[in-house]
Amino acid sequence: MTARAREGAAEQALPEQGRRPGEAAPPFAHLSLELGHFYPSDLRAGPARLREQFDRVAPWAEAARRACAAQVSPAARISTCVLIDDHAARRTAPSEVLPKLLAVAADAGLDIDYLARESACARAGAVRPARLVEARLAPSLAAGPDGSRPAPRVNGWLSNGERSPAAGAPGGGPLWRPPREREGHRHSVFVDIELWSERSGGRAWSCSFLAAVWQLLRLGLLRDRSRAVLEAVPATGEFPDSWRDLPPLIRIRPEAEPFTAYRTCSVLPSGFLPVEHAVKVVLDHWAPPPEALAQLAAHAAHEGRTLPAEVAHRVDYVFYGPS
């Protein structure tokens with residue numbers, strides 16, 4: 001979160017420890033461990049392709065578990081999840097592909113506790129999580145005083161610094177200066193991120209923005225009128241034929257630890273690295289609801305834990321390359 005976003009949250013922070021009367025408080029695991037983000041091509045490729053990916057994930061997932069146990073305790077609460085890109089999965093049926101996905105994961109030694117639809121990051125019933133995140137985006141500190149860089153909510157773009165000027169110098173001579181990363185280390189890594197695009201059919205959220213929403217859902221920081229956005233629906237043993245009939249979030253294992261967690265770790269192919277870099281930038285520009293911050297801090301303090309003040313610092317990754 002930016003300095004400006006932190007200031008806004010601090011001004012509204014709740015002094016009390018705990019939740020407000022009548023507010024539903026989601027329980028928290030110590031770690032939410034993501035075991036994969038699957039596209040339609042992954043699901044259609046069959047069990048062999050899925051098994052190859054889960055075999056790559058398994059040792060890194062075990063390492064993340066050991067690291068959490070070392071930091072917290074051997075009894076650390078860890079839940080696992082996978083995200084399914086159901087936007088383009090219309091040619092596949094959940095009833096056909098999801099049992100295979102769960103079976104292959106179990107055969108690779110990975111138990112999946114929760115399964116979520118990526119479209120739920122945009123809309124989950126009557127709630128629109130992406131809109132909740134958009135509403136709390138802080139203006140970029142790189143926005144020029146002349147309004148040359150609009151706020152992200154205006155144009156749908158976000159940056160981690162200041163880009164090179166497009167205009168020439170007075171008198172027609174060239175004027176160039178390099179882009180500059182905010183709070184960079186000696187040398188800049190500058191990025192411009194498209195959060196959404198407007199189309200005739202409505203707004204299309206970018207993968208980067210939905211991935212940021214996904215992280216915030218797992219961290220339990222999104223609220224809709226002081227309530228958690230996603231409620232896990234217990235699996236019935238059967239999946240529907242249509243993705244639209246699949247609940248946004250399903251608890252596969254009855255004994256699973258809570259979906260929301262103090263911290264997250266995602267084990268992903270290295271091709272996701274650019275998207276997840278963008279996620280960190282979005283989280284740096286997002287002002288969390290102060291009541292949610294206070295609630296998590298109170299829960300963690302009750303267990304003798306202290307959470308990082310920066311939301312982005314609660315998110316970890318393991319990226320693995322091709323075999």
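As the structure is a prediction and not an experimental result, all values here were calculated from the model.
- For the residue pair Gln295 and Arg223, a side-chain donor N or O sits within less than 3.5 Å of a side-chain acceptor on the partner.
- Between Asp107 atom CG and Leu50 atom CG the span is 11.5 Å, to the nearest 0.5 Å.
- Among pairs with a residue in residues 57-83, none fulfils ring-ring contact (aromatic ring centres under 6.0 Å, His included), at least two apart in sequence or across chains.
- Here ring-ring contact (aromatic ring centres under 6.0 Å, His included) pairs that include residues 215-242, with residues two or more places apart or in two chains, number zero.
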Going by atom type alone, with no hydrogens or angles, which donor-acceptor pairs under 3.5 Å involve a side-chain atom of residues 265-275 and a protein atom two or more places apart or on another chain?
residue	atom	partner	partner atom	Å
Ser266	OG	Glu34	OE1	2.6
Ser266	OG	Gln215	NE2	3.3
Ser266	OG	Arg218	NH1	2.9

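- Classification of the Trp196-Trp205 ring pair by plane angle, with boundaries at 30° and 60°, yields perpendicular.
- Atom-to-atom distance recorded for Trp157:CH2 and Asp192:CG is 6.0 Å, nearest 0.5 angstrom.
- Annotation: salt bridge (charged side-chain N to carboxylate O under 4.0 Å, His left out) contacts of Arg77 (sequence neighbours excluded): Glu303.
- Of the possible polar contacts, none joining the Trp243 side chain to the Asp85 backbone as a donor-acceptor pair under 3.5 Å is found.
- The salt bridge (charged side-chain N to carboxylate O under 4.0 Å, His left out) search around Glu238 returns none, not counting sequence neighbours.
- Rounded to the nearest 0.5 angstrom, Ser208 OG and Ile193 CD1 are separated by 6.5 Å.
- Listed for the Ser188 side chain is a donor-acceptor partner under 3.5 Å among the backbone atoms of Glu181.
- Salt bridge present: Arg51 and Asp55 bring a charged side-chain N and a carboxylate O closer than 4.0 Å.
- Residues passing the salt bridge (charged side-chain N to carboxylate O under 4.0 Å, His left out) test with Arg253 are Asp113, Glu255, sequence neighbours excluded.
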